[in-house]
Peer 1: 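Would you mind keeping the following structure in view while I ask a few things?
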Amino acid sequence: MAYNFEKVEKKWKEKWEKENPYKVDVDKNKKKFYCLEMLPYPSGRIHMGHVRNYSIGDVVARYLSMKGYNVLHPMGWDAFGLPAENAAIKRGDHPRVHTVNHIEMMRKQLKNLGFSYDWDREIATCFPEYYKWNQWFFLKMYEKGLAYRSKRSVNWCPSCQTVLANEQAEGGKCWRCDSEVEQKELEQWFIRITDYADRLLDNLDKLEGWPENVKEMQRNWIGRSEGSIVKFRVKGLEKDLEVFTTRVDTIFGCTFVCVAPNHEIVKEFVEKGELSKEVQDFVDKINKMSREERLQTSEKLGQFTGFYAINPFNKKEVPIYLANFVLAEYGTGAVMSVPAHDERDFEFAKKYGLDIVPVIAPEKDFVYQGELEKAYTEYGYLINSGEFTGLKTEEAKVRMNEWLEKEGLGKAAITYKLKDWGISRQRYWGTPIPIIYCDKCGIVPVPYEDLPVELPDDVEFKGEGGSPLLTSKTFLKTKCPKCGGEAKRETDTMDTFIDSSWYYFRYIDPKNEKEPFSKEKVEYWSPVDLYIGGIEHATMHLIYTRFFTMFMYDLGLVPVEEPVIRLLTQGMVIKDGRKMSKSLGNVVDPDEMIQKYGADAVRLFMLFAAPPEKEIDWQDQGAEGALRFLTRVWNFGEENAEIIKSEVDFDVNKMSSKGKDLIKKLHKTIKKVSEDIEVRIHLNTAIASLMELFNSLSSFKPENDFDKAAVRETFSGLVKMLTPFAPHICSEMGEIYGIDLNKWPEFNKDLAKDDTFLLIVQVNGKVKGRVEVEVGIDGEEAFSQALKDVKVAKALEGKSIIKKVFIPNRLLNIVVK
RNA sequence: GCGGAAGUGGCGGAAUUGGCAGACGCGCUAGACUUAGGAUCUAGUGUCUUUCGGCGUGGGGGUUCGAGUCCCCCCUUCCGCACCA
């Protein structure tokens, strides 16, 4: 009977649905392995990227459980987020109903692919049983002083009277009404992740199982920079302007100071200055540009403020400029400009006719002649620098920092690009921040015993007038937990990155009502041994999640500081050389592929086409090829059923030499496939070796009765090894031929051993012949064997041998003249 | 500009430690079976050359008995960061 993938896959899908055979529990007698894949957002449909991500994880999980590990392999839903709320605004569905429907559809799709999840552990972050613990962690952070309120500007639509997410404000226009988006300052909640910046950075060196590019991206993101903060007195304002610099050694060459147009002090320049109008116009001009526009403008734009600052080192008065290239959010938002030794300052000075004073020289007695043609940015020796003249850059920095500290005019300082994590979202579909505002008591955290603060249902989704939570009669008004008086709830909800920062700990104990997870279970299962997901999460998610784990570690909740031992970032699935997108019309639908080729073939090709880290250009023909391979294995079983089921003793010594070779190939393949899955996670080469093994098997003809055992063993080994890749067809064959798929075939070193090998014979480094010789022969013997090869003999004719290079069990190179 | 990764047949890719370049698959060619083939099976498939034999892993140089692999220079592509003081 021809292989009918539809029927076979349906049968096993139903069986697994009924039995949940991948259910696991703590078992201290077994070695654990935690295999985790990034949880999907319930968009309603899975895409090929999910198929790839989860197929990789499934192979590793199934392989290791066959190897006897206790494998935790869970799945869940990153279920909060903006799209559900947008749908509510557009179509009036409640986000919960919308999300739950989507989850239903996608769960079905995942089950169609036959992934070995323990579905009893499924979580969805949008249910109070889960987000209660987000609130719990928030309160813990608040207690530790890690959560605080501060102002930050948000995108604001003046017509809808509401806050917009960046993706709702693309191109500076409101997504609903097309109005011009404004920036507005709002009080919001922040998490002091910068307290952990050094730890997040330093630990990266310990993450040996993480790809270098991800670690490098995180280093850039954290952006640690060592330097100095220097106070410049502002004349006429009776206050200090702090600048951050990494080159304090150049400070004697500072000829002006630049501040960001949105720096706090600018207000005072406008109020008290003579150039108010010019300054205000410049600020307006810069503010009109979006952040992207600002960053793309490479032209230096500046405006003199009319004010002067005093350089604390040489007491020189230098003009203060507003400059478009100075960012308020980095360092102190103000810089000392040394045009002689900084390219940007040089360009700026040239444009606005400011002084250029060199203070660093490449050599000790170097004298600058004439005008500088470009900035000298290298380290060197200080010149024209008062008491510091003659010092080298490195030493000058140290001494000048000491001087600053002594004089109270500054200090050595470290800045980061990493900013505190703003978690407030003015949205409904997220975790309510558990805070109450009382007129008498101020900010009061919701007591732990009152958690969860649940999302109310009596809300309206209008898309205007602020968060839908403001429209709820039951939510907003409450009693102050401290004084019992009238109070209001916080209506901001949390960034969804909070949800995904600790979810893998919740999988460990998903139904716990008393605590986020039990300590005992976490001690057994954590950390995550393998985490698989897209590179797009290299910074945000993977930094937040590392931070959360450190925080939980500090609270004594988890035994590890770092959550993930090994990280695998899989490549994208593209089509026709381009990213799949609706507008290009090149989207490949997983369901359609499964219908055409079956889940097993889709999975197999997905893993075969390229190593996991690389991109895959999806080809239907490739899936067809995978199905062809599976069908050939199936047909081989049917054609050789009698041999496969025969009970001949397994005795290699009685097999024909070809039979022995087949067994040898089997054991070499076991070793190769095991290593490819476990060590390298190069599943494409694992599959290639399985295909090779099958090619050997299908061309083998038993020469005696004992050879039948070779066929039987090889076939059952092949089916076992293929199971993690194509579980449906293998389960069916396992049942038909009585193959135990719960066990990975055991590698036998003796059976894999060669007694002869193919000696490569080179003459002057070029391959001239190949001779089959016994393993372990020495160089002289190899040489005499090599001479038997006609081509080799010919190549040596009339030449004198200079030397012979012999690599045991591999190669002989004869060097001649 | 800075940092990272990569460049191998018509295509996806393999070569894990410096030792047979092109495993495995797709595609293609020929043949078999067939009423038929976009099914299946068999054989072939880097390139030049009639053969012998050359040449060949982006280009150029080097180290070595031997280089896809190591070193230097250059080119190209992709990714990340990017006026970060």
Side-chain angles (χ1 to χ4, degrees), chain A residues 2 211-221 223-225 227-228 243-248 250 257-258 260 294-301 323-327 329-338 341-345 347-348 415-417 535-536 538-539 571-572 604-605 608-611 613-626 628-629 631-632 635 672 675-676 679-680 682 684-695 698-699 758-770 791 794 802-807 809-816:
Chain A
E212 202 45 55
N213 61 338
V214 173
K215 289 194 276 187
E216 197 55 33
M217 282 162 80
Q218 294 209 350
R219 284 188 196 105
N220 285 337
W221 188 265
R224 186 189 143 103
S225 171
S228 320
V243 304
F244 174 74
T245 178
T246 54
R247 290 298 301 273
V248 71
T250 65
V257 164
C258 289
R294 263 187 72 185
L295 291 176
Q296 268 162 23
T297 316
S298 57
E299 196 197 348
K300 305 275 173 291
L301 299 173
N324 65 334
F325 64 89
V326 179
L327 307 169
E329 58 270 26
Y330 182 74
T332 60
V335 299
M336 59 173 227
S337 294
V338 184
H341 305 292
D342 181 285
E343 279 163 21
R344 288 159 308 175
D345 296 344
E347 193 187 329
F348 193 88
T415 63
Y416 301 90
K417 273 197 266 180
I535 186 77
E536 65 273 21
T539 47
M572 272 204 304
L604 193 66
F605 171 64
F608 178 62
E613 291 85 357
K614 283 191 90 163
E615 235 172 36
I616 285 183
D617 200 331
W618 179 264
Q619 301 281 344
D620 278 20
Q621 279 160 338
E624 223 168 273
R628 192 177 307 147
F629 170 69
T631 308
R632 281 171 65 212
N635 290 343
K672 164 103 176 115
E675 283 174 1
D676 278 353
V679 184
R680 301 203 304 160
H682 273 204
N684 56 329
T685 50
I687 295 167
S689 343
L690 290 173
M691 288 173 169
E692 265 186 76
L693 178 64
F694 176 72
N695 290 344
S698 64
S699 58
L758 209 55
L759 177 75
I760 307 305
V761 187
Q762 298 180 334
V763 176
N764 283 346
K766 304 223 154 153
V767 178
K768 291 292 169 187
R770 302 168 176 85
K791 277 192 191 170
K794 211 181 145 197
I802 294 168
K803 78 178 190 182
K804 298 171 213 156
V805 180
F806 179 65
I807 309 296
N809 298 335
R810 229 184 248 270
L811 166 144
L812 175 70
N813 186 11
I814 306 162
V815 187
V816 297

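So that the names make sense, note that chain A is the first sequence line, chain B the second, and so on, each numbered from 1.
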Peer 1: To the nearest 0.5 Å, what is the distance between CG (A/Asn635) and CZ (A/Arg628)?
Peer 2: 13.0 Å
Peer 1: State the NE2-OG1 distance between A/His341 and A/Thr250, to the nearest 0.5 angstrom.
Peer 2: 6.5 Å
Peer 1: Which residue, A/Ile814, A/Leu811, A/Val815, forms the side-chain contact (heavy atoms from CB on, under 4.5 Å) with A/Gln762?
Peer 2: A/Leu811
Peer 1: Touch check for A/Arg632, heavy atoms < 4.0 angstrom, all strands: base, sugar-phosphate only, or nothing?
Peer 2: sugar-phosphate
Peer 1: In whole Å, I'd like the distance from the CZ atom of A/Phe348 to the C1' atom of B/A85.
Peer 2: 13 Å
Peer 1: Kindly indicate whether the side chain of A/Gln762 and the base of B/G19 share any N or O donor-acceptor pair separated by less than 3.5 Å?
Peer 2: yes
Peer 1: Counting side-chain heavy atoms from C-beta on, which of B/G13, B/C65, B/A85 comes nearest to A/Lys614?
Peer 2: B/G13
Peer 1: For A/Ser689 and B/C24, is the shortest distance between a side-chain N/O and OP1 or OP2 below 4.0 Å?
Peer 2: no
Peer 1: If the C1' atom of B/U29 is compared with that of B/U35, how far apart are they to the nearest Å?
Peer 2: 25 Å
Peer 1: Of the nucleotides B/A85, B/G4, B/C41, which one has an atom closest to the side chain of A/Asn213?
Peer 2: B/G4
Peer 1: How close or far is atom P of B/G27 from atom CD of A/Glu624, stated in whole angstroms?
Peer 2: 7 Å
Peer 1: Roughly, in whole Å, what's the span from CD in A/Glu536 to P in B/G80?
Peer 2: 11 Å
Peer 1: By nearest atom, which of the nucleotides B/G19, B/C24, B/G27 is closest to the A/Glu692 side chain?
Peer 2: B/C24
Peer 1: I'd like the P distance from B/A15 over to B/G7, given in whole Å.
Peer 2: 12 Å
Peer 1: Between A/His682 and A/Ala334, which is nearer to the 5' end of RNA chain B once each is assigned its nearest nucleotide?
Peer 2: A/His682
Peer 1: Heavy atoms from C-beta onward define the side chain here; which of B/C65, B/U16, B/C24 lies closest to that of A/Lys672?
Peer 2: B/U16
Peer 1: May I ask you to say what A/Asp342 touches in the nucleic acid, namely base, sugar-phosphate or nothing, with a heavy-atom cut-off under 4.0 Å?
Peer 2: nothing
Peer 1: Name the orientation of the base relative to the sugar in B/G9: syn if the glycosidic angle is within 90° of 0, else anti.
Peer 2: syn
Peer 1: What is the distance, to the nearest angstrom, from the CE atom on A/Met572 to the P atom on B/G12?
Peer 2: 16 Å
Peer 1: Of all the choices, B/C84, B/G13, B/A15, which nucleotide is nearest to the side chain of A/Tyr330 once you look at every atom?
Peer 2: B/C84
Peer 1: Looking at B/A15, I'd like to know if its phosphate oxygens (OP1 or OP2) sit under 4.0 Å from a side-chain N or O belonging to A/Arg680.
Peer 2: yes
Peer 1: By the 4.0 Å heavy-atom rule, please label A/Gly625 as base, sugar-phosphate, or nothing.
Peer 2: sugar-phosphate
Peer 1: Under a 3.5 Å limit for both distances, which nucleotide forms a Watson-Crick or G-U wobble pair with B/G56, could you say?
Peer 2: none
Peer 1: So which nucleotide from B/C81, B/G3, B/G19 ends up closest to the side chain of A/Asn813?
Peer 2: B/G19
Peer 1: Write down the distance separating the C1' atoms in B/G25 and B/G31, rounded off to the nearest Å.
Peer 2: 22 Å
Peer 1: Does B/G27 have OP1 or OP2 sitting under 4.0 Å from an N or O in the side chain of A/Arg628?
Peer 2: yes
Peer 1: The side chain of A/Asn684 is closest to which nucleotide in this list: B/A21, B/G13, B/C65?
Peer 2: B/G13
Peer 1: Among the candidates B/G19, B/G3, B/C20, find the nucleotide nearest to the side-chain atoms of A/Leu811.
Peer 2: B/G19
Peer 1: Which nucleotide, if any, forms a Watson-Crick or G-U wobble pair with B/G7, using both distances under 3.5 Å?
Peer 2: B/C75
Peer 1: Verify whether the ring centers belonging to A/Phe348 and A/Phe325 lie closer than 6.0 Å.
Peer 2: yes
Peer 1: Answer yes or no: does atom CZ of A/Arg680 have more than 12 heavy-atom neighbours from other residues, nucleotides or ligands under 6.0 Å?
Peer 2: yes
Peer 1: OP1 or OP2 of B/C65 versus the side-chain N and O atoms of A/Lys803: is any pair under 4.0 Å?
Peer 2: yes
Peer 1: Across all strands shown, which nucleotide pairs with B/A23 by Watson-Crick or G-U wobble geometry, both distances under 3.5 Å?
Peer 2: none
Peer 1: May I have the distance from A/Ile535 (atom CD1) to B/G4 (atom P), rounded to whole angstrom?
Peer 2: 15 Å
Peer 1: Determine the Euclidean distance between corresponding C1' atoms of B/A21 and B/U57; express it in Å to zero decimal places.
Peer 2: 7 Å
Peer 1: With both distances under 3.5 Å as the test, what is the Watson-Crick or G-U wobble partner of B/U29?
Peer 2: B/A43
Peer 1: Quick check on RNA chain B: between A/Asn220 and A/Gly333, whose nearest nucleotide comes earlier from the 5' end?
Peer 2: A/Asn220
Peer 1: Quick check on A/Glu343: does its CD atom have over 12 non-hydrogen neighbours (other residues, nucleotides or ligands) under 6.0 Å away?
Peer 2: no
Peer 1: Could you tell me how far apart A/Gln621 (CD) and B/C28 (C1') are, to the nearest whole angstrom?
Peer 2: 11 Å
Peer 1: Determine the contact category for A/Arg344: base if any of its heavy atoms lies under 4.0 Å from a base atom, sugar-phosphate if only primed atoms, P, OP1 or OP2 are that close, otherwise nothing.
Peer 2: base
Peer 1: Which nucleotide in the set B/A85, B/G19, B/U16 lies at the smallest distance from any side-chain heavy atom of A/Val805?
Peer 2: B/G19
Peer 1: Look through every strand shown and name the nucleotide pairing with B/A82 as Watson-Crick or G-U wobble, where both distances are under 3.5 Å.
Peer 2: none
Peer 1: Before accepting this row, confirm whether a basic side-chain N of the pair A/Arg219/A/Glu216 lies closer than 4.0 Å to the acidic partner's carboxylate O.
Peer 2: yes
Peer 1: Should A/Lys766 be listed as having a side-chain N or O under 4.0 Å from OP1 or OP2 of B/C55?
Peer 2: yes
Peer 1: In whole angstrom, what separates A/Phe244's CZ from B/C84's P?
Peer 2: 12 Å
Peer 1: Nearest whole angstrom, please: distance from the P of B/C84 to the CE of A/Met217.
Peer 2: 20 Å
Peer 1: Counting only side-chain heavy atoms from C-beta out, which of B/G3, B/C20, B/C84 sits nearest to A/Glu216?
Peer 2: B/G3
Peer 1: Assign A/Lys215 to base, sugar-phosphate, or nothing according to its heavy-atom contacts below 4.0 angstrom with the strands shown.
Peer 2: nothing
Peer 1: What's the spacing between A/Asn813 CG and A/Lys768 NZ if we round to 0.5 Å?
Peer 2: 11.5 Å
Peer 1: Using atom C1' of each nucleotide, how far apart are B/G61 and B/G9 to the nearest Å?
Peer 2: 27 Å
